[in-house]
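Predicted model only: the values in this text are computed from it and were never measured. Positions are given from 1, in the same order as the sequence printed here.
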Amino acid sequence: MVKADRRIRDDEGHGSEAAVPDESGPDLTAAPSLRDQAYAVLEELITLRVLPAGSLLSETSLSKKLGFGRTPIREALLRLSLEGMVVVLPRRGIIVAEIDTRTQLKILEIRAELERLVVRHAARLATAAQRTRMLALADKIRDTARAADGRAFMHVLRECHAVTAEAADNDILAEMIRRVHGLSRRFWFAHYEKYGDLEKAADLHAARLTAMARGAPEHAASTSDALVEYLEQFTRSTLGLAA
């Protein structure tokens with residue numbers, strides 16, 4: 001059960017305790033819609049395997065457990081299905097999608113190209129405030145890795161991706177890469193305790209953030225390549241494949 005920290009009104013207009021990420025999570029928007037709140041909660045539950053692959057999901061059950069009305073739950077599930085996090089099966093319901101290693105390798109091929117584009121844009125276009133935020137996040141992601149706090153690391157990672165996409169100032173690119181990040185993040189948290197290196201991943205993210213903050217597009221692209229290369233090695237290790 002996710003911590004509920006404030007009251008909201010559900011889609012039927014009744015007050016309810018909404019299960020939303022606690023204060024350790026990123027403040028992605030000042031006033032998120034109920035749909036966005038429900039999506040954030042469900043995406044986190046799936047990523048952290050509280051709702052593991054193969055779980056059968058029910059709008060009614062999720063509405064009762066998480067404190068949202070059925071409409072935002074339904075909209076959140078639709079968004080998750082479009083992103084490949086859940087699968088809608090006719091006459092059977094909705095299940096959490098399986099995690100497929102070979103599919104993840106294909107995702108990383110796409111991610112490599114998108115990441116180069118987004119970090120170059122971010123390095124050129126970021127505001128002074130965004131550059132300051134990037135440097136602060138570089139320190140923060142290293143700190144959470146050293147603390148071996150996987151959940152906190154996930155929240156900081158989402159902040160890193162959010163500020164980068166915001167700085168790149170391209171809504172279409174941001175939407176495309178957000179979907180890729182969600183699937184990659186889920187794969188990482190399914191396997192990192194056995195195959196990953198949290199501190200190495202943090203260092204690679206921090207190097208990329210620093211390059212963008214310093215306004216170095218090509219250096220940012222090379223640090224992005226290094227990150228994706230590490231993620232590919234990590235992914236292959238789950239199959240016992242040579243790098």
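- Within the 4.5 Å cutoff, no side-chain heavy atoms of Ser63 are placed close to those of Thr60.
- Salt bridge annotation for Arg146-Asp143: present, with a cationic side-chain nitrogen under 4.0 angstrom from a carboxylate oxygen.
- Taking 4.0 Å as the cut-off between side-chain N and carboxylate O, Lys106 and Glu109 do not count as a salt-bridged pair.
- Aromatic ring orientation, His181 versus His161: parallel (interplanar angle below 30°, classes split at 30° and 60°).
- Within the model, atoms NE2 of His121 and CG of Asn170 stand 5.5 Å from one another, a figure rounded to the nearest 0.5 Å.
- Under the 4.5 Å side-chain criterion, counting only non-hydrogen atoms from C-beta, Arg116 is in contact with Glu113.
- Ala53 and Ala97 get closest at one heavy-atom pair: CB-O, 3.5 Å.
- One distance of note links CZ of Arg133 with SG of Cys160; it measures 8.5 Å at 0.5 Å rounding.
- Annotation: side-chain contact (heavy atoms from CB on, under 4.5 Å) contacts of Ala167 (sequence neighbours excluded): Ala122, Ala126, Gln130, Met134.
- Leu42 pairs with exactly one of Thr47, Val86, Val96, Leu77 by the side-chain contact (heavy atoms from CB on, under 4.5 Å) rule, that one being Leu77.
- Taking every heavy atom of both residues into account, Thr223 and Ala207 meet most closely at CG2-O, 4.1 Å.
- The residues Arg186 and Glu43 are annotated as not salt-bridged, no charged nitrogen and carboxylate oxygen being separated by less than 4.0 angstrom.
- Checked by atom type and distance alone, the side chain of Thr144 never pairs as donor or acceptor with a backbone atom of Ala152 at under 3.5 Å.
- Salt-bridge check for Arg79 with Glu75: failed, with every basic side-chain N at 4.0 Å or more from each acidic carboxylate O.
- Between Tyr192 and Phe189, the ring center distance clears the sub-6.0 Å criterion.
- Aromatic ring orientation, His191 versus Phe187: tilted (interplanar angle from 30° to 60°).
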